[in-house]
Amino acid sequence: MLIFDDLFAQLLEAIKINLPEVDNTDLVSDKSGHADYSFRTFRLSRLMKTSQEDLFSIIKEALKSVGFVSNVALSSGYVNISILDSFFLESVSKYLSERGQYPDTFQDPERVLIEHTSTNPTGPIHIGRSRNSVIGDGIARIFKRCGYRTTTQYYVNDSGKQVAALYKGFQMYHEKDDPTLGNLLDGYQKIYKTMTDREKEKELVEPEIKRYESGDAEILQKIREYCSIVLQSIVESLQKIGIKIDDYVWESSFLRGGELDSVFESLSDKIEDDSGAKFVSMPDGYKIYLRRSNGTSLYFARDIAYHLFKALNADWIIDILGEDHKDHAKNLSYVLKEFMGYTPRLDFVTYGFMSLEGSKFSTRMGNIVSLDEFVSRATEEGLKVVREKRPDLSESRLHEIAEAVAVSSIRFSIVKVNASKQLDFRWKDALSFEGDSAPYVMYAYARSRSILSRIESVPAGDKSWTMNEWERRLARTLFSYPYHLRDALDSLRPEIIANYCLELVKSFNDFYSQCPVIGSGEETEKRVMLVKNFSEILKDAGSLIGIKFLKEM
RNA sequence: GGGUCCGUGGCCUAGUUUGGAUAAGGCACCGUCCUUCUAAGUCGGUGAUCGUGGGUUCGAAUCCCACCGGGCCCGCCA
């Protein structure tokens, strides 16, 4: 829960005393530049058959007692409400100095579990898949920031067809070799080339699945070993872009622990039979198979078991999934809630697929970019740029900056786009460090730190803190941070934070070019305060989406 | 074919969940500003019938319907 001076709520409450019919869609934070808040009279005027002028008088009267309101005016149906110049800056400063953060938080008892990435341990993570990680990690950080007890989890698929193929491929093509990452991937790719149709797949892989699920010690041990090797490389790739997942849950643990049997037991009155195979029916008649006729389990059944397991330690469960899993998510949610009385809050964030230079990612066409490759190319590009701009810095410092720029850029370029949209990856755009990008954000931070580092003593200034338009806009944008944070949390949309960062930086850059800080006499104290608040809040917000901030760059 | 998501200047994106005051940024292009705190920046300019057509409304990028274009799903794969 966020703690801050919620002006919006206070204004609304004050107006409600004299005008109980008001609801929170009548009042908006104004974006048109007319005022700070704007009350729209249209709805109430019709509803109450009261003129806009009369409503205006009532509102003006109601706001008389509100100390931070400086002006109330009626303009073409809008009641424009202005806030005292000093209020925004004072409020933010108070929180930062007294509580250490703005907004402050109150620990929420709800335990939130966010599952993300969960890519099959059958190959390195590529840039398309990393969209999942970037979104998931962003959402997790937003929850933590808002005071939730948050855990992230990676579901390791070490059972089923794909990993059986990983095993079989290695046995077929590299039996005498060490199970290195390279050999495992090679075997996997080769076996997939031979599995040209579903019959071929069945023939090669199904006996292995059967062995696996019947508890054959050899295959169990091998698959765990192979998956661990591939998973390790994925974990390392994620680490490079600053993502660390709290828990790894192995799918196979539900096969062995008996959880799967309890799933079938508790669903027994819903389960139907199709020549030995087991399924449940959705309201539209669609059949969801839980078990093959040969007795082995299917993904849906194991995913039920997994979600029951999640519920043991969480009140709110969030899964980040590719849009190909959308129907699965809907059906899973239905079965859990309607058939099994599932109580935790369950949300799915699905994201559109990424493409590469306008065409589909495709492993077999070689049309793919691994996360590692992207990181190293971005770092290289970053190094080129920093070297040119900062020839004065040491080699190690240049590398440090290049890496921060690369990682931040990668995450920012992915997270800033709404998850529901398809995202086309283009090298040219991804490696550009200008405009609406992470370096743009980082650079503004470095500028603010540079100013602060040059401040020795601050002369006491004019305490009334009247502001010019640039100071005011910056102060107001800083103040608005909690609203964006709350929006991002409620809608599970980390891009709201990315866009807020851009908006905040824009207001800072305008301020920077118009308002000198050092040596500005009476203005200095106020401006230093603005710069200080800016650097803290920008770092706070940007860190949520994985931007790394440097004092200089 | 059925379901579902997306469609905003030449290109990319915000705004759509909660309908409101001249549709907001970036890239590219043209021009401006470094003897003020880092020019990865600032300012100005060119460029949008918000996919199309209806509807609801005092008011629609936003809500409803139809259509068009694209993604994804429709497996005893995951």
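Just so you know, these numbers come straight off a predicted model, no measurement behind them. Naming: A, B, ... by sequence-line order, numbering from 1 per chain.
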How long is the line joining OH of Tyr440(A) and P of A39(B), in whole Å?
13 Å

Syn or anti for C73(B), given that syn means the glycosidic angle lies within 90° of 0?
anti

Could you state the NZ-C1' distance from Lys421(A) to G15(B), rounded to the nearest angstrom?
10 Å

Regarding Asn499(A), tell me which of base, sugar-phosphate or nothing describes its non-hydrogen contacts under 4.0 Å with the strands shown.
sugar-phosphate

Students often mix this up, so state it plainly: with edges at 30° and 60°, are the rings of Phe348(A) and His307(A) parallel, tilted or perpendicular?
tilted

Given A39(B), is OP1 or OP2 found less than 4.0 Å from the side-chain N or O atoms of Arg447(A)?
yes

Distance, C1' atom - from U8(B) to U62(B), rounded to whole angstrom:
12 Å

Between U4(B) (C1') and Asn331(A) (CG): distance, integer Å
12 Å

Ignoring hydrogens and angles, are the base of G70(B) and the side chain of Gln422(A) linked by a donor-acceptor pair under 3.5 Å?
yes

What is the nucleic acid contact for Thr350(A), judged by heavy atoms within less than 4.0 Å: base, sugar-phosphate only, or nothing?
nothing

Under a 4.0 Å heavy-atom cut-off, which of residues 296-309 of chain A touch RNA chain B?
Leu298(A), Tyr299(A), Arg302(A)

What is the separation between atom NE2 on His328(A) and atom C1' on U4(B), rounded to the nearest whole Å?
16 Å

Give a yes/no on whether any side-chain N or O of Arg292(A) is located under 4.0 angstrom from OP1 or OP2 of C77(B).
yes

Using the ring of each side chain (for Trp, its six-membered ring), is Phe254(A) parallel, tilted or perpendicular to Tyr306(A), with breaks at 30° and 60°?
tilted

At 4.0 Å (heavy atoms only), tell me whether Ser293(A) reaches a base, stays on the sugar-phosphate, or touches nothing.
base

Presence of Asn509(A) side-chain N/O under 4.0 Å of U42(B) phosphate oxygens OP1/OP2
yes

Mapping Asp327(A) and Val79(A) onto RNA chain B by nearest heavy atom, which one lands closer to the 5' end?
Val79(A)

As a test of reading the structure: which of C27(B), U57(B), C37(B) is closest to the side chain of Glu434(A), going by heavy atoms?
C27(B)

Taking the ring centre of each residue, are Phe425(A) and Phe374(A) less than 6.0 Å apart?
yes

Nearest whole angstrom, please: distance from the P of C72(B) to the CZ of Phe361(A).
13 Å

What interatomic distance, in whole Å, is found between C1' of U17(B) and the corresponding atom of C63(B)?
11 Å

Nearest whole angstrom, please: distance from the C1' of C12(B) to the CG of Leu356(A).
16 Å

How far, in whole Å, is C50(B) from G10(B) if one measures between their P atoms?
13 Å

Run the numbers on Tyr154(A) and Ile234(A) for side chain to side chain contact (heavy atoms under 4.5 Å, CB included), then give the verdict.
CA-CA 11 Å; Tyr154(A) 186 127; Ile234(A) 294 169; 3.7 Å; yes

Side-chain H-bond candidate by donor/acceptor type, Asp319(A) with His325(A), under 3.5 Å:
no

Assign Met442(A) to base, sugar-phosphate, or nothing according to its heavy-atom contacts below 4.0 angstrom with the strands shown.
nothing

Rounded to whole angstrom units, what separation is found between the CZ atom of Phe42(A) and the P atom of G19(B)?
13 Å

Pick base, sugar-phosphate or nothing for Lys506(A), based on heavy-atom distances below 4.0 Å to the nucleic acid.
sugar-phosphate

Applying a 4.0 Å non-hydrogen cut-off, can you work out what Glu503(A) is touching in the nucleic acid: base, sugar-phosphate, or nothing?
nothing

Counting the atoms with a prime plus P, OP1 and OP2 as sugar-phosphate, which does Val386(A) contact under 4.0 Å by heavy atoms, base, sugar-phosphate, or nothing?
base

Would Lys506(A) and Glu503(A) pass as an ion pair if we require N to O under 4.0 Å?
no

Using heavy atoms to find the nearest nucleotide of RNA chain B for Phe433(A) and Ala277(A) separately, return the residue whose nucleotide is more 5′.
Phe433(A)

Should the pair Lys287(A)-Glu272(A) be classified as a salt bridge under the 4.0 Å nitrogen-to-oxygen rule?
no

In terms of side-chain heavy atoms, does Arg302(A) have a donor or acceptor partner in Ser297(A) at a distance below 3.5 Å?
yes

Nearest to the side chain of Lys360(A), heavy atoms from C-beta on, is which of G26(B), C72(B), C77(B)?
C72(B)

At under 4.0 Å between heavy atoms, what does Val28(A) touch on the DNA or RNA strands: base, sugar-phosphate, or nothing?
nothing

Base, sugar-phosphate alone, or nothing: which one does Asp424(A) contact when heavy atoms must sit under 4.0 Å apart?
nothing

Taking any heavy-atom pair under 4.0 Å as a contact, classify Arg426(A): base, sugar-phosphate, or nothing.
sugar-phosphate

Rounded C1' spacing from G9(B) to C29(B) in Å
13 Å

Could you tell me whether the side chains of Ser355(A) and Asp424(A) share a donor-acceptor contact shorter than 3.5 Å?
yes

Using the C1' atom as the reference point in each nucleotide, state the distance between A61(B) and G15(B) in Å, no decimals.
8 Å

From the list C77(B), C37(B), A14(B), which nucleotide is the closest neighbour of the side chain of Ile518(A)?
C37(B)

Touch check for Tyr512(A), heavy atoms < 4.0 angstrom, all strands: base, sugar-phosphate only, or nothing?
base

Please indicate yes or no: is the ring centre of His34(A) less than 5.5 Å from the centre of the six-membered base ring of A21(B), with the two planes inclined by under 30 degrees?
yes

Atom CG of Asp324(A) and atom P of C5(B) are separated, to the nearest Å, by 16 Å

Determine the interatomic distance between C1' on A48(B) and the same-named atom on G41(B); round to the nearest Å.
27 Å

Presence of donor-acceptor pair under 3.5 Å, side chain of Asn80(A) and base of A21(B)
yes

Decide side-chain hydrogen bond (donor to acceptor under 3.5 Å, both in side chains) for His328(A) and Asp303(A); before the verdict, give the C-alpha distance in whole Å, the side-chain angles of both, and the deciding distance to 0.1 Å.
CA-CA 10 Å; His328(A) 171 76; Asp303(A) 213 19; 2.7 Å; yes

Nearest-0.5 Å distance that lies between atom CG in Leu44(A) and atom CG in Leu47(A)
6.0 Å

What I want to check is whether an N or O donor and acceptor connect the side chain of Ser38(A) with the base of A21(B) at under 3.5 Å.
yes

Which part of the nucleic acid, if any, lies within reach of Asp392(A) when heavy atoms closer than 4.0 Å are counted: base, sugar-phosphate only, or nothing?
nothing

Nearest to the Ile451(A) side chain among A21(B), C37(B), C72(B), which nucleotide is it?
C37(B)

Report yes if the distance between the aromatic ring centroids of Phe300(A) and Tyr289(A) is under 6.0 Å, otherwise no.
no

Have a look at Lys326(A) and say if it touches a base, only the backbone sugar-phosphate, or nothing, with a 4.0 Å heavy-atom cut-off.
sugar-phosphate

Is the positively charged end of Arg447(A) above the ring of Tyr512(A), judged by distance under 6.0 angstrom from the centroid and angle within 45° of the axis?
yes

Phe549(A) six-ring centre to Lys539(A) NZ/CZ under 6.0 Å and within 45° of normal:
no

Under 4.0 Å, heavy atoms only, any strand: does Ser448(A) hit a base, just the sugar-phosphate, or nothing?
nothing

Can you give the dot-bracket line for RNA chain B, where a pair is Watson-Crick or G-U wobble with both atom distances under 3.5 Å, crossing pairs use [ ], and | marks a partner on another strand?
(((((((..((((......[...)))).(((.(.......).))).....(((((..]....))))))))))))....

